[in-house]
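Okay, structure first, notes after.
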Amino acid sequence: MNINGCAIKVFAGNASKDLATNICEKLGVKLGDAEVGSFSDGEISVNINETVRGADVFVVQSTCAPVNRHLMELLIMIDALKRASAGRITAVVPYYGYARQDRKAKARDPITAKLVADIITASGADRVLVMDLHAPQIQGYFNIPVDHLVGVPFLAAYFKKLKIADLVVVSPDLGSVTRARSLANHLDAPIAIIDKRRPKANVSEIMNIIGEIHGKNVILVDDLIDTAGTITQGAKALKDFGAKEVYACCTHPVLSGPAIDRIKNSVIKELVILDTIPVPEEKKLDNIKILSVAPLFAEAIKRIYENMSVSKLFD
C-alpha cells in the first residue's frame, strides 16, 4: 500500500510482537526493524534500524505487565520515530493500561487514564488506536484523534457459532451493562445483571441477580479479567441461582495473581478472550479460548492509512 508516496511502516514493542507480526501478515507488509532492549542499569534502549522519514508509522504496543516498562517502551519508540522525521505516528495500544483510575472517586485520587493520555501525546504520537477502553470517556482525555475499536462483535461471532440454546447475557456489575446489552443484541438474547458490592480493590462480594437466569445458559461479559475474582464469583452465584452452563468472555486477559487458579477451579465451562494481551503458555487452560484481533486491527490500520472511515467497521 502506498498513497501519495507515503510508505506504511509497522513497529512493535516487546509486549505485542506476535500480534504485530500477525497484523503485518494481514496487511502484506514486513514488521519494521527495531531493537528494544535495556542498558545494564535497566534503562530502556531503542534502535530504529531503518529509515522512517515521511512514513506513516504505526507502533503496536499493549501497556500490559510489566506495565511501566511496556509504557516506557512505547513512549521512547514514539520519541525515536518522531526525531527520525516520521510523517505521522499512530500509537496502536490494544490494551490501554492505567485506565481503571479514570476519575476522582474519592479525595486525593489520581486520574492516571488522563496522565497516560498526556504523556503519549507529549511523546509525539499524532493519533491513537485502542480497543475497549475501560471507560469510553477516556477518548476525551486525548487532544489528538482516537479510534476506538470494540471487541463485542468478535466475541459475538464466536458464540453464534456455538448455537447455545436458552441463552442469557449477564453483566458482572452495573458498570458493564452497556457492554452486556451490546453482546445481547448481537446474539438476540435477554440480559441479566449481577448486583455486587466491592469492599476494596480486587475484592468483590456478590449480592443479588437482577433478571431471570434459572434454567438458562449464561454468558458473563466484561472488558477485562484481572485477578478473576469478579468473574469466578459471578459464575458461582449464577450457578447457585439455577443457571445451567456458565460461559465467560472478555477483551483484555490481564490474568494477574491468582487468576488462573481461580479460573481452573471455577464453574466456568469456557472462557473466551482476545489476544490484546499475550497469554503465556503456562496460563493457557483447556477451557480458555483465545481469539486473534489481528484482522480487525489490520483493517483499522489500513483505513487510517488510506484516510477511510474506521467507524464503518462497526456498521
Side-chain angles (χ1 to χ4, degrees), residues 15-16 19 61-68 70-71 92-103 105 111-113 116-117 128-139 141 146 148-156 158-159 169-183 193-194 196 198 200-204 219-235 246-263 266 268 270-280 283-285 287-293 296-297:
S16 302
L19 177 58
Q61 176 82 330
S62 279
T63 51
C64 53
V67 182
N68 297 337
H70 287 152
L71 176 58
V92 181
V93 189
Y95 170 64
Y96 183 81
Y98 282 110
R100 281 173 280 187
Q101 296 179 93
D102 61 346
R103 67 196 188 285
I111 305 179
T112 56
V116 171
V128 178
L129 175 61
V130 295
M131 180 173 239
D132 274 352
L133 290 168
H134 191 61
Q137 64 265 25
I138 292 172
Q139 296 174 73
Y141 296 169
V146 176
H148 188 207
L149 304 180
V150 293
V152 162
F154 249 63
L155 298 167
Y158 175 78
F159 283 112
V169 177
V170 180
S171 172
D173 52 37
L174 296 174
S176 296
V177 172
T178 301
R179 187 174 293 104
R181 189 174 298 280
S182 176
L183 181 59
I193 304 166
I194 297 176
K196 72 176 184 184
R198 187 188 293 275
K200 57 183 179 179
N202 291 333
V203 176
S204 61
I219 301 175
L220 274 164
V221 58
D222 211 344
D223 63 323
L224 64 85
I225 295 176
D226 188 355
T227 60
T230 294
I231 212 82
T232 54
Q233 288 180 36
V246 179
Y247 298 82
C249 62
C250 77
T251 303
H252 307 303
V254 178
L255 303 180
S256 67
I260 292 300
D261 286 338
R262 285 175 172 174
I263 293 167
S266 74
I268 296 172
E270 185 174 46
L271 171 62
V272 183
I273 59 178
L274 305 183
D275 64 347
T276 58
I277 297 173
V279 179
K283 291 188 176 183
K284 293 180 180 178
L285 303 175
N287 67 333
I288 292 182
K289 173 71 174 179
I290 303 174
L291 306 178
S292 178
V293 294
L296 180 57
F297 273 94

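Here, residue 1 is the first one in the sequence, and each next residue gets the next number. Just so you know, these numbers use all the heavy atoms, side chains as well, and skip hydrogens, waters and symmetry mates.
No side-chain donor-acceptor contact under 3.5 Å links T251 to the backbone of L224. Checking side-chain atoms of S62 against main-chain N and O of I277 turns up no donor-acceptor pair under 3.5 Å. No donor-acceptor pair closer than 3.5 Å links the side chain of T232 to the backbone N or O of S266.
When the side chain to side chain contact (heavy atoms under 4.5 Å, CB included) test is applied to D223, the partners found at least two apart in sequence or on another chain are H134, R179. With sequence neighbours excluded, no residue forms a salt bridge (Lys or Arg N to Asp or Glu O under 4.0 Å) with K283. Shown here are the side chain to side chain contact (heavy atoms under 4.5 Å, CB included) partners of N287, two or more places apart in sequence or in another chain: I263, L285.
Taking 4.5 Å as the limit, some side-chain heavy atom of C250 sits within range of a side-chain heavy atom of I273. Under the 4.5 Å side-chain criterion, counting only non-hydrogen atoms from C-beta, K284 is in contact with I290. Counting heavy atoms from C-beta on, the side chains of V116 and Y141 never come closer than 4.5 Å. Contact check for C249 versus F159: side-chain heavy atoms found under the 4.5 Å cut-off.
Atom OH in Y98 sits 3.5 Å away from atom CG in N68 (nearest 0.5 Å). The CG atom of L220 lies 13.0 Å from the OH atom of Y247; values are rounded to the nearest 0.5 Å. Separation of atoms OH (Y96) and CG (L133) is listed at 7.5 Å; rounding is to 0.5 Å. Distance check: H70 NE2 to S16 OG gives 8.0 Å after rounding to the nearest 0.5 Å. Atom OG of S176 is separated from atom CG of D222 by 4.0 Å, given to the nearest 0.5 angstrom. For the atom pair CD of Q137 and CG of D102, the computed distance is 5.5 Å after rounding to the nearest 0.5 Å.
Heavy atoms only, all atoms of each residue included: C64 and A15 are closest at SG-CB, 4.0 Å. Closest heavy-atom contact between G97 and T63: N-OG1, 2.5 Å. Of all the heavy atoms in I231 and A248, the pair that sits closest is CG1-CB, 3.9 Å.
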* Applying side chain to side chain contact (heavy atoms under 4.5 Å, CB included), run through F154 and M131 and close with a yes or a no. => CA-CA 12 Å; F154 249 63; M131 180 173 239; 5.7 Å; no
* Evaluate the side chain to side chain contact (heavy atoms under 4.5 Å, CB included) criterion for residues L155 and I219: first the C-alpha distance (whole Å), next the side-chain angles of each, then the deciding distance (0.1 Å), finally the verdict. => CA-CA 11 Å; L155 298 167; I219 301 175; over 6 Å; no
* Stepwise side chain to side chain contact (heavy atoms under 4.5 Å, CB included) test for V279 and I288 -> CA-CA 10 Å; V279 179; I288 292 182; 5.8 Å; no
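In summary, of the residues considered (L149, D132, L274), a side chain to side chain contact (heavy atoms under 4.5 Å, CB included) with V293 occurs for L274 alone.
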